[in-house]
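Everything quoted here is computed from the prediction, not taken from an experiment.
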Amino acid sequence: MINVGVIGSTGYAGQQLVWFLHRHPQVKISFLSSHNHTGNPFSNTYPNYRNFMQNICIDIHEAEQQLSTIDVLFIALPHGKSFELAKKALALNVKVIDLGADFRLKDAALYKDWYDLDHGCPQLLPEAVYGLPELHRDKIKKANLIANPGCYPTASILALAPLLKEQLVIEESIVVDAKSGVSGAGRTANIATLYTECSESIKAYGVASHRHTPEIEQELSLLNGSSFCISFTPHLVPMNRGILATCYGSLRKKITKEALHDYYQAFYQNEYFVRVIDTIPETRNVKGSNLCDIGLCIDERTGRVIVISAIDNLIKGAAGQAVQNMNLMFELEEIAGLDVLPMIP
């Protein structure tokens with residue numbers, strides 16, 4: 001059994017992580033930590049766990065004292081909060097999977113530009129592996145520190161990776177237009193995400209400034225072998241879960257939709273969690289699963305390719321991917337604990 005601890009267990013991503021760890025056949029949850037619910041049963045915060053989980057949430061200090069008792073630490077905290085925790089855990093030979101942004105970018109200077117903070121552990125950035133299994137599986141297997149990707153980047157990178165790998169599009173022409181459910185904003189009370197503020201409305205935010213932009217550019221540039229910028233605009237839509245990313249790019253040369261579809265099928269042929277489909281993806285068809293659906297279209301009139309991807313932001317975009325990474329790190333079956341189909345309606 002793998003002994004795990006979870007910091008930030010009562011946020012939306014943290015709870016979804018606990019859900020998968022609880023059902024994982026080779027995992028034992030050693031502790032759950034929560035800043036706002038210390039001393040309370042986890043099932044008080046999430047009543048769906050009543051009679052199934054007896055864990056009492058502990059504070060961060062007690063969690064640090066228990067680090068030596070676990071094999072892997074999951075950190076599900078806002079950016080800037082993982083530096084010291086990761087350093088302490090790694091010093092005790094505990095593997096770390098950070099669901100936040102603190103180790104995703106390889107250039108420490110970018111944290112000042114995009115997150116307005118000085119990176120607390122720049123010495124750890126070289127050993128942090130970006131936890132997108134479809135691109136970095138071999139490195140993940142050998143890693144001690146995983147930077148779990150953001151939800152928007154997961155949907156965007158998986159949609160665009162085959163195009164960039166073979167340089168099929170003009171890099172500077174790439175535009176990502178993405179929509180997310182409200183759970184992506186977290187569980188903290190916020191006027192902007194109150195029901196009456198976001199229901200029956202859709203809005204763009206972080207226009208030309210969203211923090212996931214350099215993350216997407218970093219990974220696509222690694223695939224392509226050159227540095228470039230993209231246009232990325234996220235939107236908030238009135239649904240609980242899901243991300244739909246519509247990605248555009250100008251083709252370097254003509255290619256048929258059938259040929260492009262075959263190429264995507266070949267690129268992802270061994271990926272259990274990626275489905276290249278013949279129809280336009282919908283978030284409802286991946287909700288509650290670790291799946292990513294990808295659909296393709298070529299606009300022959302403009303010479304652009306349009307790739308649409310759909311994921312559950314809390315699962316493939318966060319907790320499910322974190323468990324997928326854990327499975328790889330501990331040489332388990334990659335789909336262990338994650339083999340759940342979407343639930344409709």
Phe228-Val305 co-clustered via ILVMFWY side chain contacts under 4.5 Å
yes
Does Met1 CE have over 12 foreign heavy atoms under 6.0 Å away?
yes
Is there a donor in the side chain of Gln324 and an acceptor in the side chain of Lys316, or the other way round, less than 3.5 Å apart?
yes
Looking at His22, I want to see if its NE2 is surrounded by more than 12 non-hydrogen atoms of other residues, nucleotides or ligands under 6.0 Å.
yes
In sequence, state the C-alpha distance, the side-chain angles, and the governing distance for Glu334 and Arg137, and then conclude on salt bridge (charged side-chain N to carboxylate O under 4.0 Å, His left out).
CA-CA 10 Å; Glu334 190 170 335; Arg137 181 171 286 105; 2.9 Å; yes
Give a yes or no answer on whether the side chain of Arg104 reaches the backbone of Leu99 with a donor-acceptor pair at less than 3.5 Å.
yes
Test side-chain hydrogen bond (donor to acceptor under 3.5 Å, both in side chains) applied to Arg275 and Gln265, step by step
CA-CA 8 Å; Arg275 303 188 297 194; Gln265 287 281 24; over 6 Å; no
Classify the side-chain pair Gln15/Tyr49 by whether it contains a donor and acceptor separated by less than 3.5 Å.
yes
Parallel, tilted or perpendicular: rings of His210 and Tyr152 (30°, 60°)
perpendicular
For atom CG of Asp299, decide whether the heavy atoms of other residues, nucleotides or ligands shown that lie under 6.0 angstrom number more than 12.
yes
Cut-off 3.5 Å, side chains only: do Asn3 and Lys28 have a donor facing an acceptor?
no
Can you name the side chain to side chain contact (heavy atoms under 4.5 Å, CB included) partners of Asp59, sequence neighbours left out?
Thr38, His61, Glu62
Give the C-alpha distance, both sets of side-chain angles, the deciding distance and a yes or no for salt bridge (charged side-chain N to carboxylate O under 4.0 Å, His left out) between Asp312 and Lys287.
CA-CA 5 Å; Asp312 186 313; Lys287 179 182 177 182; over 6 Å; no
Can a side-chain donor-acceptor contact be found between Asn44 and His37 if the only test is distance below 3.5 angstrom?
no
So does Arg304 have more than 12 non-hydrogen atoms from other groups sitting under 6.0 Å from CZ?
no
Hydrogens and angles aside, do Asn313 and Ser183 bring a side-chain donor and acceptor to less than 3.5 Å of each other?
yes
For atom NZ of Lys139, decide whether the heavy atoms of other residues, nucleotides or ligands shown that lie under 6.0 angstrom number more than 12.
no
Take the angle between the ring planes of Tyr46 and Phe42 and call it parallel below 30°, perpendicular above 60°, tilted in between.
tilted
Sequence neighbours left out, what passes ring pair (Phe, Tyr, Trp, His ring centres under 6.0 Å) with Tyr130? Give chain and number order.
none
Any donor-acceptor pair under 3.5 Å from Ser9 side chain to Val6 backbone:
no
Would you say Asp293 and Asn285 are linked by a side-chain donor-acceptor pair, where the criterion is simply a distance under 3.5 Å?
no
Check the pair Arg252 / Glu171 against salt bridge (charged side-chain N to carboxylate O under 4.0 Å, His left out), numbers first and verdict last.
CA-CA 10 Å; Arg252 290 188 181 277; Glu171 293 82 2; 2.6 Å; yes
Quick check: does any side chain N or O of Asn224 sit under 3.5 Å from a backbone N or O of Leu220, one acting as donor and the other as acceptor?
no
For Ser221 and Gln218, indicate whether the former's side chain and the latter's backbone hold a donor-acceptor pair under 3.5 Å.
no
Once side chain to side chain contact (heavy atoms under 4.5 Å, CB included) is applied, do any residues pair with Ala89, and if so which ones, sequence neighbours excluded?
Leu67, Leu73, Val94, Val96
Under a plain distance cut-off of 3.5 Å, with no hydrogens placed, do His119 and Asp102 share a side-chain donor-acceptor pair?
no
Counting only heavy atoms from other residues, nucleotides and ligands, does the tally under 6.0 Å from CD1 of Ile191 exceed 12?
no
I'd like to know whether Ser82 forms a side-chain hydrogen bond (donor to acceptor under 3.5 Å, both in side chains) with Asp98, so could you lay out the CA-CA distance, the side-chain angles of the two residues, the decisive distance to 0.1 Å, and finally the verdict.
CA-CA 7 Å; Ser82 299; Asp98 181 24; 3.0 Å; yes
Neighbour count >12 (heavy atoms, 6.0 Å) for atom CD, Glu331
no
Are Ile140 and Leu105 linked, directly or through other ILVMFWY residues, by side chains that come within less than 4.5 angstrom of each other?
no
His79 vs Tyr111, test: ring pair (Phe, Tyr, Trp, His ring centres under 6.0 Å). Steps then yes/no.
CA-CA 10 Å; His79 65 269; Tyr111 283 90; 8.8 Å; no
Backbone N/O of Gly242 and side chain of Thr283: donor-acceptor pair under 3.5 Å:
no
Answer with yes or no whether the side chains of Thr154 and Gln321 bring together a donor and an acceptor at under 3.5 Å.
yes
